**Student:** 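Next up is a structure, given as structure tokens.
For the numbers below, each heavy atom of this structure counts, side chains included, while hydrogens, waters and symmetry mates do not. Small disclaimer: the values here were computed from a predicted structure and weren't measured. Along the sequence shown, the residues carry numbers beginning at 1.
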Amino acid sequence: MSARPHKADPGEASAPDSMYAAHEKIHPREIKGRYQTVRKIMVFLLLGLFYVLPWVRIGGEPAVLFDLPARQFHILGLTFWPQDFFYLTLLLVICALALFFVTSLAGRVWCGYACPQTVWTEVFLWMEHWTEGKRAKRMKLDRSPWNVEKILRKGSKQVLWIVFSLWTGFTFVGFFSPIDDLLMRAASFQLGPWETFWSLFYGFATYFNAGFMREQVCLYMCPYARFQGAMFDRETLIISYDEERGEPRGGRKRGVDPREKGLGDCIDCNLCVQVCPTGIDIRDGLQYECIACGACIDACDSVMDKMDYPRGLVRYTTENALEGRPSRVIRPRTIIYTVLLLALVTAGATGLAMREPVRLDILTDRNTLYRETGDGLIENSYSFKLTNMSGEPHTYGFSVEGPAGVRIETQPREVRLAAGETRTIPARIQLDPDATDKIGGVDVTVTVESLDGTDITGSETTRFRTPVGR
């Protein structure tokens, strides 16, 4: 992958080579086409989810709310606690593998269609287009001296950017604090210091990254742009220019057979460069700056349609396909990713399906193996760590299963826990030594269940220690 060289202006005095090239603002040209339609759909879908989800309620709780002070995480009707950190880890692993899988199949389509930086930058470009006009007009406006029109156009763009950024920051905080209450407190200027800070911080980050940094985030700050090439192979879909078909380039009138003039299908209109959000020329080959957004494909296809040439001079393809070799989607790399993803998703879904709303952990008293009571029973002492992982308070009681005559005593006998509360309860399990002939110990199962009419149970098996020399 090649980097884009700095092009000096004609007549520019020669200067010593520098490791730094001054940034040149990129004004992407607007283009319509099938891939840009998909990008717009993705923008509305992803931002729609971001801005709407905090307002949606399921079962009286927000659809998505990360309530850090209460240590509750509400996600689509499910309530998770810090004890469920395993699921977060599993989700992150699944997302990473899914990204690797998609990259091995279709290159950087994540960057072009779903990356937050790309999505928000696209919206900021729309607002720039509404206020400053099309590409040529924007470039002319930037070169013109400051006057009333420039102040009004630039100022209105900044107002739209700032309002949109502030609303974005406010919505972000709405994922961590109930957004309806947040709105009421914001309207009365009663937001807390942390809520104010994160609203402004995330809003500023959106404003700065999407409004000014734009493609520089992709080129210089995003690590994915640097290591994604390691996930490519000759079967990965990439956006490529068909050099064999397009070269040599040259202008011509419509209806002229390019072969009669010794030309390829590329008319050298540079439209593919003008629409590129990172400002590269795809005809120079695959470059790490390419975010696979498909804008150059739509631009080239529109030109091919006007010239009555076949589409596909610039297209999604593979290196093998470009060289006329067979191209395979199913290959060892994709098979491994698919198997791993299916296994992890299945494990996560199974874990959620079997997830108990109450958690019982039994800690054995290590100081005393066992003791004999006054009525001749063998007694073991335990500590029951009980966690109410449901979203409502419940009252729980305990029972035990094992050899005949086994019984349990807890202090207190019934325990009421608030949602998410964890409590340690002292417990004793007693057993008649004649009820078992096993030497050294026997397994018993402790069950905890709700006593308020709800079907909530949990169980844990532990070792009941008996005399060794009996």
**Student:** I need the minimum non-hydrogen distance between Gly458 and Val358, along with the two atoms involved.
**Tutor:**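 Shortest heavy-atom contact: N-CG1, 3.7 Å.
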
**Student:** Nearest 0.5 Å please: distance from the CZ atom of Arg135 over to the CD1 atom of Ile26.
**Tutor:**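 Spacing of CZ (Arg135) from CD1 (Ile26) equals 10.0 Å.
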
**Student:** Among all residues two or more places apart in sequence or in another chain, which pass the salt bridge (charged side-chain N to carboxylate O under 4.0 Å, His left out) test with Arg311?
**Tutor:** Asp305

**Student:** Hey, mind stepping through Ser144 and Glu149 against side chain to side chain contact (heavy atoms under 4.5 Å, CB included) and telling me if it holds?
**Tutor:** CA-CA 10 Å; Ser144 67; Glu149 180 186 7; over 6 Å; no

**Student:** Return the minimal non-hydrogen interatomic distance between Thr364 and Thr462, and the atom names on each side.
**Tutor:**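 Distance-wise, the nearest heavy atoms are OG1-OG1, 3.9 Å.
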
**Student:** With a 4.5 Å heavy-atom cut-off, do Leu105 and Tyr337 have their side chains touching?
**Tutor:**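 In short, these two side chains do not touch, never coming nearer than 4.5 Å.
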
**Student:** What are the two closest heavy atoms between Pro116 and Trp110, and how far apart are they?
**Tutor:**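 Scanning both residues completely, I find the closest heavy atoms to be CD-CZ2, 4.0 Å.
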
**Student:** Pair Leu182, Ser199 - check side chain to side chain contact (heavy atoms under 4.5 Å, CB included), show working.
**Tutor:** CA-CA 11 Å; Leu182 193 69; Ser199 295; 5.5 Å; no

**Student:** CE/Met231 to CZ/Phe101 distance, rounded to the nearest 0.5 angstrom?
**Tutor:** 13.5 Å

**Student:** Is any side-chain heavy atom of Phe66 less than 4.5 Å from a side-chain heavy atom of Ile75?
**Tutor:** yes

**Student:** With ring-ring contact (aromatic ring centres under 6.0 Å, His included) as the test, pick out the partner of Phe50 among Phe44, Phe172, Phe175, Trp167.
**Tutor:**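 When ring-ring contact (aromatic ring centres under 6.0 Å, His included) is applied between Phe50 and each of Phe44, Phe172, Phe175, Trp167, only Phe175 qualifies.
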
**Student:** Quick one: pull up SG in Cys266 and CE in Met307 and give me the separation to the nearest 0.5 Å.
**Tutor:** 10.5 Å

**Student:** Ile291 and Pro277: which non-hydrogen atoms are nearest, and at how many Å?
**Tutor:**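 For Ile291 and Pro277, the tightest heavy-atom pair comes out as CD1-CG, 3.9 Å.
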
**Student:** For Ala418 and Pro393, which heavy atoms make the closest approach, and how far apart are they?
**Tutor:**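 Nearest pair, atom of Ala418 first, then Pro393: CA-CB, 3.9 Å.
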
**Student:** To the nearest 0.5 angstrom, please state how far the CG atom of Leu286 sits from the CZ atom of Phe232.
**Tutor:**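 Going from the CG atom of Leu286 to the CZ atom of Phe232 covers 6.5 Å.
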
**Student:** How far does SG of Cys300 sit from CG of Asp242, to the nearest 0.5 angstrom?
**Tutor:** 10.0 Å

**Student:** Filter on side-chain hydrogen bond (donor to acceptor under 3.5 Å, both in side chains), then keep only pairs touching residues 96-109, sequence neighbours left out; what's left?
**Tutor:**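 Every pair satisfying side-chain hydrogen bond (donor to acceptor under 3.5 Å, both in side chains) with a residue in residues 96-109: Thr103-Tyr224.
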
**Student:** Can you tell me if Gln117 uses its side chain to pair, donor with acceptor, with the backbone of Arg214 under 3.5 Å?
**Tutor:**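 Answer holds: yes.
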
**Student:** Main chain of Val329, side chain of Arg331: is a donor-acceptor contact present, judged purely on distance under 3.5 Å?
**Tutor:**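 Checking the backbone N and O of Val329 against the side chain of Arg331, a donor-acceptor pair under 3.5 Å is found.
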
**Student:** If we only count heavy atoms from C-beta on, is the Phe85 to Thr89 side-chain gap below 4.5 Å?
**Tutor:**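 Heavy-atom side-chain distance check passes, below 4.5 Å.
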
**Student:** Between the side chains of Gln158 and Tyr207, is a donor N or O closer than 3.5 angstrom to an acceptor N or O?
**Tutor:** yes

**Student:** For Gln36 and Gly33, indicate whether the former's side chain and the latter's backbone hold a donor-acceptor pair under 3.5 Å.
**Tutor:** no

**Student:** For Leu141, does its backbone N or O pair with a side-chain atom of Lys150 as donor and acceptor, under 3.5 Å?
**Tutor:** yes

**Student:** Determine whether a donor-acceptor pair (N or O, by modelled atom type, separation under 3.5 Å) exists between the side chain of Thr118 and the backbone of Cys111.
**Tutor:**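 Yes: the side chain of Thr118 pairs with the backbone of Cys111.
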
**Student:** Mark yes or no for whether Arg423, through its side chain, and Leu386, through its backbone, hold a donor-acceptor pair below 3.5 Å.
**Tutor:** no

**Student:** Answer yes or no: is there a donor N or O on one side and an acceptor on the other, between the side chain of Arg259 and the main chain of Leu263, under 3.5 Å?
**Tutor:** yes

**Student:** Going by salt bridge (charged side-chain N to carboxylate O under 4.0 Å, His left out), name the residues that satisfy it together with Glu132, two or more places apart in sequence or in a different chain.
**Tutor:** Lys154, Lys157

**Student:** Using the side chain to side chain donor-acceptor pair (under 3.5 Å) criterion, which residues pair with Thr387? Sequence neighbours excluded.
**Tutor:**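 If we apply the side chain to side chain donor-acceptor pair (under 3.5 Å) test to Thr387, skipping adjacent residues, the hits are Thr422.
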
**Student:** Do side-chain atoms of Asp265 reach the backbone of Leu313 as a donor and acceptor pair under 3.5 angstrom?
**Tutor:** no

**Student:** Could you check Met42 against Glu122 for side chain to side chain contact (heavy atoms under 4.5 Å, CB included), going step by step and ending with a plain yes or no?
**Tutor:** CA-CA 11 Å; Met42 291 299 296; Glu122 189 72 9; over 6 Å; no

**Student:** Output the distance between atom CG (Leu76) and atom CG (Leu78), rounded to the nearest 0.5 Å.
**Tutor:**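 The distance works out to 7.5 Å.
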
**Student:** Counting N and O atoms only, with roles assigned by atom type, does the side chain of Arg283 sit under 3.5 Å from a partner on the main chain of Val314, one being a donor and the other an acceptor?
**Tutor:** no

**Student:** Run Leu341 and Ile94 through side chain to side chain contact (heavy atoms under 4.5 Å, CB included) and show every step you take.
**Tutor:** CA-CA 6 Å; Leu341 277 174; Ile94 290 174; 4.2 Å; yes

**Student:** State which residues pass side chain to side chain donor-acceptor pair (under 3.5 Å) with Thr236; sequence neighbours excluded, sorted by chain then number.
**Tutor:** Asp233

**Student:** Not counting sequence neighbours, list each pair that qualifies as a side-chain hydrogen bond (donor to acceptor under 3.5 Å, both in side chains) and has a residue in residues 45-63.
**Tutor:** Tyr51-Trp120, Tyr51-Thr168, Arg57-Asp180

**Student:** Under 3.5 Å, side chain of Trp81 to main-chain N/O of Met389, donor-acceptor pair present?
**Tutor:** yes

**Student:** Of all heavy-atom pairs between Cys269 and Val303, which one has the smallest distance, and what is that distance?
**Tutor:** SG-CG2, 4.0 Å

**Student:** Does this structure show an ion pair linking Glu260 with Arg252, if we count only N-O contacts that are shorter than 4.0 Å?
**Tutor:** no

**Student:** Ion pair present between Glu235 and Arg333, side-chain N to carboxylate O less than 4.0 angstrom?
**Tutor:**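 No, no charged N to carboxylate O under 4.0 Å.
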
**Student:** Pairing donors with acceptors under 3.5 angstrom, does anything connect the side chains of Tyr241 and Asp281?
**Tutor:**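 Side-chain D/A pair, Tyr241 to Asp281: absent.
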
**Student:** Charged N to carboxylate O under 4.0 angstrom, Glu243 versus Arg245?
**Tutor:**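 Salt bridge: no.
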
